[in-house]
Amino acid sequence: MTTQDTQLNFALVGCGRIAQRHAEILGKGEIPRARLVAVCDVKEERARQFGEKYGVPWFVDYHDMMEQLGEQIDVLNILTPSGMHAPVCLDLVSYRKHFVVEKPMALRLEDADAMIRACDEAGVRLFVVKQNRYNVPVRKLREALEAGRFGKLALGTVRVRWCRDQKYYDQDAWRGTWAQDGGVFTNQASHHVDLLQWMLGPVESVFAKSATAFVDIEAEDTGIAVLKFASGALGIIEATTAARPKDLEGSISLLGERGTVEIGGFAVNKMLRWHFVEPQPADAEILEKYSENPPNVYGFGHRRYLEDVVSNLIDGTPGGVDGREGRRSLELITALYESIETGREISFPFQPKHCRLGRETA
């Protein structure tokens, strides 16, 4: 059998909001060498709806799923509330299946470290979903950065101006809680935080402020942060779910000594500025060719990300953001909360002492 004939069987653990995207891709054959074979959720009605819609067995206990179908399953997609990513992964790692874990990979750094260690010991791969890295304009930006077209970087900025009202947070009891979710930095803006760090490299220090403006939740719905990178560049994070009445923007911009690029749209999907001191012939078409209009804030990146996972596992090609890379953005998010709680600038490396993320409140 050739690698082109090899097929990977995926099972979903968690059938909430983001699972709909995974199920569409895997359950409708959008990736030729991947298919959905089972779904599981502690809420029976959710599991049944997913199972019936995609014609696969459904379960309310993932151990039952593994006992009945374990030999058929190659990859487990962990799509539970954020605070359950680590416990579920660690509970399932003994079955020696590969993992695709939605962002953030965990809420505490010690849990992320435990996941990485356990997967290494079991000889399985741990992938963390960072689908915005696969957006068409983001790929082009990364290509220009790696080609050295910016020269020395001065400033990088990400903005998330989305709308999440009280109705959104009331859908599930875990939303907006410190123990299971966190706020806009951890949830909605985590991909943008990842993009900023991916583009500008290691962070030297951060200073952050937050507020809970319009909704009744434990964590923040609005936050800002100033970053200093090891390269000397500065960074700004602006994140809110308090935009009303609808989503406005998900963007990133880089300013360097030889060029400026800005990607906007509501899901980092539209090339807005592409200016370089030394133009290249292809630059004239960039604004037209490297934009896309996604149907929602998730964009098209999930399919491209999962394609990379499949190619990595079957063909051995590099690709898919792994656990160690996923930990980097979690460390930065943890530092943001440490700064908010202490009112101080946090320098790396650091040991979190006051961050409430992933911990039960009194």
Side-chain angles (χ1 to χ4, degrees), residues 25 30-31 103 127-160 189-203 227 229-237 249-294 297-312 315-322 324-329 332:
I25 296 166
E30 291 187 21
I31 302 176
K103 59 78 185 169
F127 299 96
V128 179
V129 179
K130 300 291 183 183
Q131 83 271 8
N132 281 354
R133 291 192 184 195
Y134 290 77
N135 287 4
V136 169
V138 171
R139 284 292 191 180
K140 198 63 182 175
L141 169 59
R142 180 70 180 183
E143 182 182 301
L145 185 66
E146 292 178 345
R149 295 194 67 187
F150 286 92
K152 182 180 179 181
L153 289 172
L155 179 65
T157 300
V158 289
R159 288 190 297 269
V160 183
S190 65
H191 288 300
H192 307 78
V193 171
D194 174 70
L195 287 182
L196 190 65
Q197 189 171 32
W198 190 41
M199 297 297 177
L200 280 91
V203 179
L227 298 80
F229 292 88
S231 67
L234 299 179
I236 296 173
I237 299 169
E249 175 183 9
S251 67
I252 182 171
S253 60
L254 289 187
L255 284 71
E257 61 182 335
R258 295 205 298 270
T260 297
V261 170
E262 181 181 7
I263 303 172
F266 66 85
V268 203
N269 60 284
K270 185 175 179 60
M271 193 72 81
L272 299 177
R273 307 281 186 275
W274 183 270
H275 304 307
F276 288 96
V277 173
E278 300 174 3
Q280 295 181 359
D283 288 349
E285 300 178 327
I286 293 294
L287 295 180
E288 179 181 349
K289 289 179 62 177
Y290 292 93
S291 293
E292 53 188 355
N293 293 307
V297 294
Y298 299 133
F300 297 113
H302 274 94
R303 178 173 59 79
R304 294 166 186 151
Y305 181 85
L306 291 172
E307 284 174 344
D308 247 15
V309 169
V310 171
S311 295
N312 178 274
D315 305 321
T317 58
V321 182
D322 65 13
R324 287 171 176 80
E325 188 69 8
R327 186 193 186 279
R328 290 186 220 283
S329 57
L332 177 50

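Since the model is a prediction, treat every value here as computed from it, not as a measurement.
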Check your understanding: Can you tell me how far the CG atom of L254 sits from the OG1 atom of T157, to the nearest 0.5 Å?
Key -> 8.5 Å
**Study point:** Between NZ on residue K103 and CG on residue N132, distance to nearest 0.5 Å
**Key:** 10.0 Å
Backbone N/O of [Y] and side chain of [X]: donor-acceptor pair under 3.5 Å:
X: N135; Y: P137; answer: no
X: R139; Y: R133; answer: yes
X: Y305; Y: V321; answer: yes
X: S329; Y: G326; answer: yes
X: T317; Y: S311; answer: yes
X: R149; Y: E278; answer: yes
X: E257; Y: G151; answer: no
X: D283; Y: Q280; answer: yes

Practice item. Look at E146 together with R142 and state whether they make a salt bridge at an N to O cut-off of under 4.0 Å. Key: yes
**Study point:** Among L153, L234, L196, the one residue meeting side chain to side chain contact (heavy atoms under 4.5 Å, CB included) with F229
**Key:** L196
Review point. Quick one: which of N312, I31, I25 gives a side chain to side chain contact (heavy atoms under 4.5 Å, CB included) with E307?
Key: I31
Review point. For V136, what residues pass the side chain to side chain contact (heavy atoms under 4.5 Å, CB included) criterion, not counting sequence neighbours?
Key: Y290, E292, R304
Review point. Who pairs with R328 by side chain to side chain contact (heavy atoms under 4.5 Å, CB included), at least two apart in sequence or on another chain?
Key: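 Here the qualifying residues are Q197, E325.
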Check your understanding: H192 and D194: side chain to side chain contact (heavy atoms under 4.5 Å, CB included), yes or no, with the steps?
Key -> CA-CA 5 Å; H192 307 78; D194 174 70; over 6 Å; no
Review point. Stepwise, does the side chain to side chain contact (heavy atoms under 4.5 Å, CB included) test hold for W274 with K140?
Key: CA-CA 10 Å; W274 183 270; K140 198 63 182 175; 3.7 Å; yes
Name every donor-acceptor pair, under 3.5 Å, that has one atom in a side chain of residues 258-268 and the other anywhere in the protein, sequence neighbours excluded.
{"residue": "R258", "atom": "NH2", "partner": "G148", "partner atom": "O", "Å": "2.9"}
{"residue": "E262", "atom": "OE2", "partner": "R159", "partner atom": "NH2", "Å": "3.4"}

Review point. Within a strict 4.5 Å, meaning less than it, do heavy atoms of the L227 and L200 side chains meet?
Key: no
Review point. With a 4.5 Å heavy-atom cut-off, do V138 and L195 have their side chains touching?
Key: yes
